[in-house]
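On a predicted model such as this, the values are computed, not experimentally measured, just so you know.
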Amino acid sequence: MFPYSPRPGTVTALDDPVPAAEKKARAARLRALSHDACLARWRTKIGCEDLVLVDRPAAVRDDYCPWLVDPAAPVGELLRVRGAAVSDEGVLAA
């Protein structure tokens with residue numbers, strides 16, 4: 001999420017009625033709402049099993065849900081995991 005900024009030479013370049021501070025505030029509100037929505041979605045994974053692809057010290061599922069797995073898990077491996085908890089970065093795998 002990033003605030004709109006007019007581009008020189010475009011129709012709206014000189015006509016931007018939204019003050020920069022308001023753009024910043026709106027962007028912050030949207031990021032907070034997005035974060036809260038992610039946490040709520042990730043919480044639905046607690047207690048559930050899933051198959052994830054390790055792509056770094058984390059893994060992803062086909063729905064792009066980030067899973068935090070054992071850092072020793074080999075990149076490229078498919079792992080069966082169970083959601084244990086949620087952090088600000090994703091679902092903690094048990």
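Residues that satisfy the side-chain contact (heavy atoms from CB on, under 4.5 Å) test with Asp88, not counting sequence neighbours, are His35, Leu39. Here Leu33 pairs with nothing under the side-chain contact (heavy atoms from CB on, under 4.5 Å) rule; sequence neighbours left out. Under the side-chain contact (heavy atoms from CB on, under 4.5 Å) criterion, Ser87 pairs with Leu68, Glu89, Leu92, sequence neighbours left out. Considering only residues two or more places apart in sequence or on other chains, Arg41 meets the side-chain hydrogen bond (donor to acceptor under 3.5 Å, both in side chains) condition with Asp63. Applying the side-chain hydrogen bond (donor to acceptor under 3.5 Å, both in side chains) criterion to Arg29, with sequence neighbours excluded, gives no partner residue.
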Test side-chain contact (heavy atoms from CB on, under 4.5 Å) on Val54 and Leu79; report intermediate values, then the result. CA-CA 7 Å; Val54 179; Leu79 292 179; 3.5 Å; yes
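Nearest heavy-atom pair, Gly90 versus Trp42, reported as atom, atom and distance to 0.1 Å: N-CZ3, 3.4 Å. Taking all atoms of both residues into account, the shortest heavy-atom contact from Trp67 to Ala93 is CE3-CB, 3.9 Å.
Residues Val91 and Cys65 have side chains in contact (heavy-atom distance under 4.5 Å, counting atoms from C-beta outward). When side chains are defined from C-beta on, Val81 counts as touching Val69, because their heavy atoms get closer than 4.5 Å.
Formation of a donor-acceptor pair under 3.5 Å by the Arg82 side chain with backbone atoms of Gly47 is found in this model. With Asp50 contributing its side chain and Val52 its backbone, the two residues share no donor-acceptor pair below 3.5 Å.
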